[in-house]
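The sequence lines fix the lettering, A, B, ..., with proteins before strands; numbering per chain opens at 1. Every heavy atom of this structure was used, including side-chain atoms; hydrogens, water molecules and symmetry mates were not. These figures come from a predicted structure and were not determined experimentally.
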Amino acid sequence: MVEEEQDLNELMLERRRKLDELAEKGIAAYSDKYERSHTIEEVLNDYDELGDEVSVSLAGRIMAVREHGKASFADLADMSGRMQLYAKQNEIGEELYELFISLDIGDHIGVEGTLFKTRRGEITLRIKDFRLLSKSLRPLPEKWHGLTDVELRYRQRYVDLIVNPDVRETFVLRSKIIHSMREYLDDKDFLEVETPLMHTIAGGASARPFVTHHNTLDMDLYLRIAPELYLKRLLVGGFEKVYEIGKNLRNEGISTKHNPEFTSMELYQAYADYQDMMDITEDLIVTITEETLGTLQVEYEGEEIDLSPGWTRITMIDAIKKHANVDFTEVDDLQTAKGLADEHHVEYEDETTVGEIINEFFEEFVEDKLIQPTFITEYPIEVSPLAKRKPENKEFTERFELFIAGNELANAFSELNDPIDQKERFEKQMEQREAGDDEAHMMDQDFIRALEYGMPPAGGLGIGIDRLIMLLTDSSSIRDVILFPHMRPE
RNA sequence: GGGCCAUUAGCUCAGCUGGCAGAGCACCUGACUUUUAAUCAGGGUGUCGGAGGUUCAACUCCUCCAUGGCUCACCA
C-alpha cells in the first residue's frame with residue numbers, strides 16, 4: 001500500500017484528489033449503464049435529418065477539453081468516431097458546469113443534448129445534461145504525437161488502441177478478414193471443426209513444441225504445433241471438406257515474422273489434390289481481399305503487389321534455375337549436390353540429403369525475390385514428410401507454398417494417404433530425431449492406424465492468417481497484427 | 001545465441017568536449033460565452049533503465065545487468 005502510494009506521480013495524485021472531491025459531493029465516479037440513442041457516427045451522418053431540435057444521447061471517452069470561460073468544448077470519442085461537445089454554464093447550471101470543467105482526458109461520460117454547427121461548420125452537441133460513467137486515474141499519452149514507444153504499445157495495447165486510430169483499424173480489418181474467410185469456406189460447404197490443443201504427440205509440422213503437464217493424469221502433453229493430423233483423421237471418418245481456424249503454438253524464435261502463438265487456417269478436401277488447393281488458395285485470397293479492401297492492388301512496405309488472378313506457378317527446381325542459375329534437374333546424388341552447395345557457398349549439415357540442399361538453395365537465393373504472388377511447387381520429399389510423392393518422380397512431392405512479398409503465406413499438398421509409405425516417412429523422421437533434430441516429426445501410431453482404415457486422396461492447405469493480415473494491412477511486424485504479442489515480463 | 005542501436009518528466013523528445021536537469025504537450029492556479037494542436041499570464045512535476053567503476057565533478061566516459069528495436073543465425 002505504501003509502495004503503491006509512492007508509485008503515484010503528481011498527475012495521478014491529482015486525479016485521485018478529484019475522485020475524493022466527487023465522493024464528497026456524492027457523485028458516483030463509476031456509475032451504471034447508460035442508454036444512448038445514437039453512436040457518434042450516426043449523429044454525424046444523420047445531422048441533416050436530426051436538425052437542431054432533436055435530443056440525442058451519446059456515450060464515450062473524453063479525448064480533449066478546451067476550457068473557454070463560461071462556455072467550454074470537449075471532444076468525445078466512441079468506437080464509431082469522434083465529435084465535439086459544447087457546454088454553456090447558463091444552460092446547464094453552475095454545478096454541472098463545474099463538473100464538466102473538471103473532467104479529465106480519458107473519463108467516460110454519458111451525455112444528452114441537441115446538435116448545432118459551429119462557425120467553422122463542425123457538428124457539435126450542445127449539452128443539456130451529462131453523467132460521469134467512469135473516472136480515469138491515469139493520464140493518456142500526448143494528443144499530438146500519441147504513443148510511439150513500441151514496447152509500451154505492445155505491453156499496454158489498451159492505451160495504444162485508445163490513442164492510435166490506425167491500430168484500431170488494423171484489428172477491425174483483421175476481424176473482417178477472418179470473417180470473410182469463414183464466409184467463403186462455409187459457402188463452399190466446408191465444415192468448421194475444432195480439434196485438440198493438447199496433444200500426446202506433437203505432429204503436423206516440423207517445430208519444437210511447448211510442453212505442459214496434466215496433474216490428474218500425471219502426464220506431459222504438447223501444445224499443438226499444427227492441427228493437420230487430427231483434421232486428416234476426420235477425412236478418414238468421412239467428413240469430406242473440413243477446416244479449422246485457430247492457434248498453433250511453437251517453442252521457437254521470435255521475430256518480425258514469428259510469434260510463439262499464431263493463427264492458421266487449415267482445410268482438407270477429399271478427392272482433391274494440390275492443384276485444387278492452388279485454385280482455392282488464389283480464389284480465397286482474391287475474394288477476401290476484394291471484400292475487405294475493395295481492390296487487388298496492395299502496397300506492402302513500398303512494393304506494389306498485384307493480387308489479380310493468374311498467379312505465377314513455378315517448380316522449386318525451375319525457380320532455383322531462374323534466380324540462382326543452378327540446375328538441379330539431373331542432380332540425384334549427394335556428392336554432386338554438395339559440390340554445387342560448396343561452389344555457391346550454401347551451408348548444409350553433415351547428415352544432409354539432396355532434397356535438403358535443394359531446399360537450402362531455394363531459401364538462400366529465391367525466397368526473398370518472390371514479391372508478386374508465386375506458387376512454388378514440387379518440394380523435395382525429404383522436407384515434406386506428410387505429402388504425396390509425384391507419380392513421375394518419387395523424389396519430389398505434390399506440394400506447393402505460396403509466397404507474397406518474400407513471405408511464406410500458405411503451404412499445401414496432396415495428402416499422403418498410403419499408410420505404409422507414411423509409416424516409413426515417420427521412421428525416417430525418428431532417425432533424424434535420434435540424430436539430434438528435435439524438430440523432426442514424432443511417430444504417431446494412431447495416425448498410421450487411421451490411415452490403415454483408408455483415407456481418401458485429399459488436398460490439404462494451411463494459410464498463415466497473421467501473415468496474410470500483415471500483407472493486407474501493410475504491417476511490417478507480426479506483432480502489429482496480434483493484439484497482445486508475446487513479451488518478456490516487465 | 002551473435003552484432004549494432006536505444007532507454008532522460010505521464011507522453012513526444014533536446015541535453016555539445018564531463019561542470020546547476022531542459023522544451024512542447026499533459027497537469028495545477030487565474031482570465032476568457034462558437035473554440036478546435038484554442039489563446040493569454042504564472043507554476044517544473046525527475047531513482048537521467050539498474051548496479052558498480054574512473055573523476056574534484058558523470059545524463060555524458062568504462063564494465064556488468066535488464067528491457068526493447070533492427071539485423072544475422074535458428075526457425076516455416
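Using a 4.0 Å heavy-atom criterion, one finds that Gly464(A) contacts no nucleic acid atom at all.
Residues Lys322(A) and Asp318(A) are not paired through a salt bridge, judged by the lack of any N-O separation under 4.0 Å between the basic side chain and the carboxylate. The residues Glu98(A) and Lys25(A) are annotated as not salt-bridged, no charged nitrogen and carboxylate oxygen being separated by less than 4.0 angstrom. Residues Asp273(A) and Lys390(A) are not paired through a salt bridge, judged by the lack of any N-O separation under 4.0 Å between the basic side chain and the carboxylate. Classification of Lys247(A) and Glu261(A) as a salt-bridged pair holds, one side-chain N sitting under 4.0 Å from a carboxylate O.
Within the shown strands, nothing qualifies as a pairing partner of rU54(B) under the Watson-Crick or G-U definition with both distances less than 3.5 Å. Here rA66(B) sits opposite rU7(B) as a Watson-Crick or G-U wobble pair (both hydrogen-bonding atom distances under 3.5 Å). rU17(B): no Watson-Crick or G-U partner with both key distances under 3.5 Å is found in any strand. When Watson-Crick and G-U wobble pairs are counted only if both distances are under 3.5 Å, rG46(B) pairs with no nucleotide at all. Of the nucleotides present, none pairs with rU33(B) by Watson-Crick or G-U wobble criteria with both distances under 3.5 Å.
More than 12 heavy atoms of other shown residues, nucleotides or ligands fall within 6.0 angstrom of atom CZ in Arg66(A).
With respect to Asp466(A), the side-chain hydrogen bond (donor to acceptor under 3.5 Å, both in side chains) criterion is satisfied by exactly one of Arg174(A), His258(A), Arg479(A): Arg174(A).
Atom-to-atom, CD of Glu301(A) to P of rU71(B) comes out at 9 Å; the value is rounded to the nearest Å. Rounding to whole angstrom units, CG of residue Asn259(A) and P of rG69(B) are separated by 11 Å. One interatomic measurement links the two molecules: NE2 of His345(A) to C1' of rA73(B), which rounds to 19 Å at whole-angstrom precision. A straight line from CZ of Phe210(A) to P of rC75(B) spans 16 Å, rounded to a whole angstrom. Atom NE2 in His258(A) sits about 13 Å away from atom P in rU71(B), given to the nearest Å. Taking atom CG on Leu13(A) and atom C1' on rA9(B), their separation rounds to 14 Å, with Å as the unit. Rounded to an integer number of Å, the gap from CD of Glu252(A) to P of rG1(B) is 15 Å. Counting to the nearest Å, the P atom of rG49(B) and the CD atom of Glu151(A) are 14 Å from each other.
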Task: Stepwise side chain to side chain donor-acceptor pair (under 3.5 Å) check, Lys128(A) with Ser55(A) - done: CA-CA 9 Å; Lys128(A) 286 193 298 204; Ser55(A) 185; 3.1 Å; yes
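For rA38(B), one of the phosphate oxygens OP1 or OP2 lies less than 4.0 angstrom from a side-chain nitrogen or oxygen of Arg66(A). Put simply, Arg208(A) has no side-chain N or O that comes within less than 4.0 Å of OP1 or OP2 on rC74(B).
At least one side-chain heavy atom of Arg157(A) sits under 4.5 Å from a side-chain heavy atom of Asp160(A). Between Ile201(A) and Phe447(A) the shortest side-chain heavy-atom distance does not fall below 4.5 Å.
Atom P of rU63(B) sits at a distance of 24 Å from the matching atom of rG69(B), rounded to the whole Å. Straight-line distance between the P atoms of rU17(B) and rU55(B): roughly 22 Å, to the nearest whole Å. For the C1' atoms, the distance linking rA26(B) with rG44(B) amounts to 13 Å, nearest Å. With C1' as the reference atom, rA57(B) and rG19(B) are 7 Å apart, rounded to whole Å. Between rC64(B) and rU12(B), the two P atoms lie 29 Å apart (nearest whole Å). Only the P atoms considered, rG10(B) is 13 Å distant from rG50(B), to the nearest whole Å. For the P atoms, the distance from rC13(B) to rG18(B) is 26 Å, rounded to whole Å. Between rG46(B) and rG15(B), the distance separating the two C1' atoms is 14 Å to the nearest Å.
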Task: Base versus backbone protein contacts along nucleotides 25-34 of chain B [heavy-atom cut-off under 4.0 Å; B, S, -] - done: BSSS---BBB
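Under 3.5 Å, the side chain of His145(A) and the base of rC11(B) form no donor-acceptor pair of N or O atoms.
The residue among Leu152(A) and Glu364(A) whose nearest nucleotide of RNA chain B is located toward the 5' end is Leu152(A).
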